[in-house]
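Presented below is the structure to which this report refers.
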Amino acid sequence: MRPFRSIALLVAAVPALAFAQGASPAQPPAAPGPDATAPASPSPAEPPERQRTERDAPAVPQSIPEAAPATPSAPAVTGEDDADSAPSSASEPGAPAATAPTDAPVLDTGEAPRTTDAQQQRLVNGAPLYNPNVNVHIVQKKRFADEGKHELVLYPGVVQVNGKFTNHVGTGLNYVYHLQENFALQVGGQYNWYSDESDFNLELIDKVREQAQAASSLLLQWGAYAGVEVTPLYGKFAFFNNSLAQFSVVLSGGAGIGKTRHLIRPEVANEVEGQTFQVPARFGDTGNKFLGEVGGGFRVQFGEHYALRLEVRDLIYTARVDKVDGCNLADFEALEAARAANQPFDGLSLSGSCKVAKFDGVDPKTKKNYREDIILGRDLVAEPSSDVLNNVSFYAGFSVLF
């Protein structure tokens with residue numbers, strides 16, 4: 001009986017349920033609430049990452065379907081729920097992120113940036129970090145101040161670079177006191193341990209018995225000067241990826257005095273009584289000359305106390321030769337007359353600066369008669385010149401600051 005009773009109840013319930021559904025009114029669609037999401041746009045929006053990195057191509061507005069169903073507006077909500085219920089503009093498709101930087105870089109190749117997090121791309125000194133297409137440019141003060149410091153500079157190698165008739169190689173030493181960051185006082189000097197005529201001038205003497213005038217071939221033995229040094233430009237550079245060096249452009253100028261000499265005769269072979277002796281070159285002292293110095297170069301500082309200097313300097317000195325070994329033209333005229341008459345030089349009326357011993361006697365080693373050099377010395381002072389010489393040299397050295 002129980003199965004028949006269950007079947008009877010089921011048959012009776014079906015008409016009742018159908019009648020109840022037909023009698024109930026149609027429910028309107030639910031209004032969008034605070035958590036409701038706006039319908040998706042017919043065209044898919046581009047990902048936010050691409051919108052932040054490629055902004056040069058303007059977005060093309062999508063066409064709106066003609067038969068778009070109207071969505072009933074949500075009822076206004078008053079009170080404290082107003083702020084919570086308002087939909088956020090950032091949730092709309094295609095809208096840029098509110099926290100994206102305004103000057104985010106644009107990638108031309110379409111590649112994704114290293115990071116898309118707005119916090120990591122925050123601006124630091126005007127440039128976003130963690131972006132391979134943006135360099136961070138900064139200007140900093142000098143790492144080591146020069147004001148009030150002393151600098152001792154040694155130039156082991158000073159080589160003349162404009163030697164047409166002369167060649168000079170020497171060593172220089174400078175002391176620099178930095179009064180200010182870009183202005184200093186300097187005192188320096190150099191000694192040319194090699195100063196000689198050029199091969200071109202010696203070839204002229206050997207082949208055609210001619211040599212360059214004293215205005216072009218006066219040699220500088222040593223020089224001392226004082227002046228100033230300015231630093232108009234400075235900066236720094238990196239080497240070995242993790243080390244910094246500070247460099248500066250230095251300009252210098254000064255004045256002083258220099259000692260000069262000139263070649264009287266080159267090295268010759270002297271034959272005496274069937275024997276041949278090699279006589280070394282003979283140089284005559286031409287006195288001290290006014291010296292001017294101008295130059296410029298670079299100073300590269302490694303650390304606080306050491307620096308490397310590379311400079312080019314021009315030593316300017318007068319080339320007038322009016323005395324050789326202290327003897328002027330009148331002295332050489334009297335010496336030549338006594339030599340021609342085979343007379344001694346003791347009773348001659350000469351100037352007090354004339355070194356007679358340089359032109360009298362015979363060298364015991366080479367058997368060279370020094371009286372033969374009188375006529376060569378006379379030729380140097382017979383036609384004095386008022387020209388100046390430019391001794392341009394390259395200076396390479398290092399310095400210590402303290």
Side-chain angles (χ1 to χ4, degrees), residues 150-180 182-198 201 212-233 248-263 283-299 309-324 326 353 380-381 383-397 399:
H150 308 266
E151 185 175 4
L152 191 62
V153 189
L154 175 64
Y155 301 98
V158 178
V159 183
Q160 184 181 3
V161 296
N162 68 331
K164 182 178 181 181
F165 297 107
T166 61
N167 287 326
H168 293 84
V169 180
T171 301
L173 182 66
N174 276 23
Y175 166 75
V176 182
Y177 176 66
H178 297 272
L179 285 175
Q180 298 177 0
N182 299 322
F183 182 81
L185 301 177
Q186 67 164 348
V187 177
Q190 73 178 66
Y191 173 74
N192 293 323
W193 35 267
Y194 177 83
S195 59
D196 200 351
E197 304 281 339
S198 65
N201 198 28
Q213 294 182 352
S216 302
S217 57
L218 194 63
L219 303 173
L220 179 66
Q221 289 185 273
W222 57 262
Y225 49 84
V228 298
E229 181 180 275
V230 295
T231 307
L233 299 173
S248 57
V249 177
V250 293
L251 303 176
S252 61
I257 190 172
K259 185 176 181 58
T260 61
R261 70 176 185 174
H262 196 279
L263 179 68
F283 294 92
D285 182 11
T286 54
N288 299 331
K289 307 294 181 181
F290 172 80
L291 184 69
E293 181 268 333
V294 292
F298 293 92
R299 186 187 73 171
R309 281 181 173 254
L310 301 174
E311 302 176 43
V312 175
R313 298 192 180 191
D314 184 9
L315 299 182
I316 307 169
Y317 52 94
T318 59
R320 182 180 179 86
V321 177
D322 51 9
K323 290 183 179 182
V324 175
S353 61
L380 289 176
V381 299
E383 298 179 0
S385 173
S386 58
D387 292 341
V388 296
L389 277 177
N390 295 85
N391 190 333
V392 182
S393 301
F394 175 73
Y395 292 69
S399 63

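Note that the structure is a prediction, hence the values are computed from the model and not measured.
Nearest heavy atom pair, residue T318 against residue L218, reads O-CD2, 3.6 Å. Taking every heavy atom of both residues into account, N167 and S198 meet most closely at ND2-CA, 3.6 Å. Across all their heavy atoms, V228 and L185 have their closest contact at CG1-CD2, 3.9 Å. In terms of heavy-atom proximity, N390 sits nearest to N162 at O-ND2, 2.7 Å. Scanning both residues, A396 and F394, for their nearest heavy atoms gives CB-CE2, 3.8 Å. Pairing each heavy atom of D314 with each of N391, the nearest pair is OD1-N, 3.3 Å.
S353 places a side-chain N or O within 3.5 Å of a backbone atom of G326 that can act as its donor or acceptor partner. No donor-acceptor pair under 3.5 Å is formed between the side chain of T166 and the backbone N or O of S217. Side-chain N or O atoms of T286 include none that pairs as donor or acceptor with a backbone N or O of V321 at under 3.5 Å. Using a distance-only test at 3.5 Å, with no hydrogens or angles considered, a donor-acceptor pair links the side chain of T171 to the main chain of P156.
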- Between S195 and R261, is a side-chain hydrogen bond (donor to acceptor under 3.5 Å, both in side chains) present by the stated rule, with each step listed? CA-CA 9 Å; S195 59; R261 70 176 185 174; 3.2 Å; yes
Practice prompt. Check the pair V250 / E311 against side chain to side chain contact (heavy atoms under 4.5 Å, CB included), numbers first and verdict last.
Written response: CA-CA 8 Å; V250 293; E311 302 176 43; 4.3 Å; yes
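Taken from CZ in F165 to CG in L263, the straight-line distance is 13.5 Å, to the nearest 0.5 Å. Once rounded to the nearest 0.5 Å, the distance linking CG of L233 with CG of N182 reads 9.0 Å. Interatomic distance, CD of E293 versus CD of Q190, reported as 9.0 Å (0.5 Å rounding). Once rounded to the nearest 0.5 Å, the distance linking OG of S399 with CZ of R309 reads 5.5 Å. In this structure, L154 CG and N174 CG are separated by 10.0 Å, a value rounded to the nearest 0.5 Å.
Ring planes of Y155 and Y395: perpendicular class, angle over 60° (limits at 30 and 60°).
F298 CZ: 12 or fewer foreign heavy atoms inside a 6.0 Å radius.
Here R299 does not pair with E229 in a salt bridge; the nearest charged N to carboxylate O distance is not below 4.0 Å.
The only member of V392, V158, N192 that meets side chain to side chain contact (heavy atoms under 4.5 Å, CB included) when paired with H168 is N192.
With sequence neighbours excluded, no residue satisfies ring-ring contact (aromatic ring centres under 6.0 Å, His included) with Y317.
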